[in-house]
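This report refers to the structure that appears directly beneath it.
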There are 2 protein chains.
Amino acid sequence: MFELAADGLPKRGELPAEPTQADRFGKARTAQSTAVMEDYVELISDLIGSGGEARPTDIARRLGVSHPTAIKTIARLKREGLAVAKPYRGVFLTEAGEHLADRVRARHRVVVDLLVAVGVPRDAAEQDAEGIEHHVSDATLAAFADYLRRDR
Amino acid sequence: MFELAADGLPKRGELPAEPTQADRFGKARTAQSTAVMEDYVELISDLIGSGGEARPTDIARRLGVSHPTAIKTIARLKREGLAVAKPYRGVFLTEAGEHLADRVRARHRVVVDLLVAVGVPRDAAEQDAEGIEHHVSDATLAAFADYLRRDR
DNA sequence: TTGTAAATGTAGCCAAGGCTACATAGTATA
DNA sequence: TATACTATGTAGCCTTGGCTACATTTACAA
Ligand SMILES: [Mn+2]
Ligand SMILES: [Mn+2]
Ligand SMILES: [Mn+2]
Ligand SMILES: [Mn+2]
């Protein structure tokens, strides 16, 4: 079974060898696994930025999930070093969490703007961006930003 | 708790009332839950279309997952009426599965083309499309197609 | 201050989608 | 045909991210 890439085509020789279809699917799965945490840190940052505090109940309502679900995901954020929270006090972001929130928010905005710029109706753009954003790589994000700069 | 939308803004009165942030997150989660099945039916259709048969081992290798994982997901496809398979025979798509595969394949192509058209490098476009495609609504897809028609 | 409502937390369940280890069935070859 | 390799299937485990039901804590108002 050597000398055959996963898509069935013969390898052309030396490495690095272009990414296989399996690589692409794997990366898409990885991106997906970070999507929930990205939405949480973005939302927590927004809540703190506007109202002052991010309570689990508010987070749950805004995300449309039950409060135990929100609490469990917040526990994961803490485990991963993105947030801190003490019982009955609000949730706060660590430095790492803030940085992630900033990047996620910027990317969200660029994705919506790009969609609108190519003609997607505002509502659909807002809706679809919520999922699309988590699969936009740095290279694609840069291309989107370039396009928007050229376009306007 | 009446008269307040989930984002804290007062409702303007009659229905339908614009989608809340919670609605958007919810729909993004729904889209995600269909992503794996979409990739499977597209791949099964491709394998049958080119080689003639879609064996669980080939499916697993192309997706970059273990074969038990592939078999379990194929079982789900059968449960949902998208595929049929008998032990030690290949996997086949039902009418519904074929239709889904056709739509998914078309959408995949449009997404890649759109990304390339706005300036995303080919590699990044191929990669990111694998995740993005599952979050592109019909409205957005139509806008993409329009853009491509205008553009070229 | 005391009583109630809201917020928070805990326990325990589920399905999806991963995995490894092992068993069985088919296929090809010596 | 006997044997070995490959493909398929099964069992059992894990994590994520949902949920409901119930317990506890806090905040607020009477
Ligand atoms: Mn999102
Ligand atoms: Mn977002
Ligand atoms: Mn895909
Ligand atoms: Mn695809």
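The sequence lines fix the lettering, A, B, ..., with proteins before strands; numbering per chain opens at 1. All figures in this text were calculated on a predicted structure; none of them were measured in a lab.
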Return yes if a side-chain donor-acceptor contact under 3.5 Å exists between A/Q21 and B/R62, otherwise no. yes

Gap between atoms CD and P, on B/E53 and D/dT8 respectively (whole Å): 8 Å

For B/A106, what residues pass the side chain to side chain contact (heavy atoms under 4.5 Å, CB included) criterion, not counting sequence neighbours? B/R109

Starting from P on D/dT15, measure out to CG on A/L77 and report it in whole angstrom. 17 Å

Calculate the interatomic distance between A/Q32 atom CD and D/dT16 atom C1'; express it in whole Å. 11 Å

Output every pair passing ring pair (Phe, Tyr, Trp, His ring centres under 6.0 Å) with a member in residues 62-103 of chain A, not counting sequence neighbours, ordered by first then second residue. none

Does OP1 or OP2 of C/dC19 have a side-chain N or O of B/S66 closer than 4.0 Å? yes

Please determine whether a side-chain nitrogen or oxygen atom of A/R29 lies at a distance below 4.0 Å from atom OP1 or OP2 of C/dG17. no

Rounded to the nearest angstrom, tell me the gap between atom CZ in B/R61 and atom P in C/dC19. 15 Å

With a cut-off of 3.5 Å and sequence neighbours excluded, list every side-chain donor-acceptor pair involving residues 46-54 of chain B.
unit_1 : atom_1 : unit_2 : atom_2 : d
B/D46  : OD1    : B/R105 : NH1    : 2.4
B/S50  : OG     : B/D46  : O      : 3.0

Atom CZ of B/R76 and atom P of D/dG9 are separated, to the nearest Å, by 19 Å

Using a 4.0 Å heavy-atom cut-off, write out nucleotides 8-15 of chain C from 5' to 3' as B (base contacted by protein), S (sugar-phosphate only) or - (no contact). BBBB----

Single-linkage hydrophobic cluster B/V136~B/L100, side-chain heavy atoms < 4.5 angstrom: no

Using a 3.5 Å cut-off and no angle test, enumerate the donor-acceptor pairs between side-chain atoms of residues 111-124 of chain A and protein atoms at least two apart in sequence or in another chain.
none

Can you list every ring pair (Phe, Tyr, Trp, His ring centres under 6.0 Å) pair that touches residues 120-149 of chain B, not counting sequence neighbours? A/H135-B/H135

Under 4.0 Å from OP1 or OP2 of D/dG17: is there any side-chain N or O of A/T69 that close? no

For the pair made of CD1 in A/I74 and C1' in D/dG17, what is the distance, rounded to whole Å? 13 Å

What is the distance, rounded to the nearest whole Å, between atom CD1 of B/I59 and atom C1' of C/dG18? 17 Å

Touch check for B/S33, heavy atoms < 4.0 angstrom, all strands: base, sugar-phosphate only, or nothing? sugar-phosphate

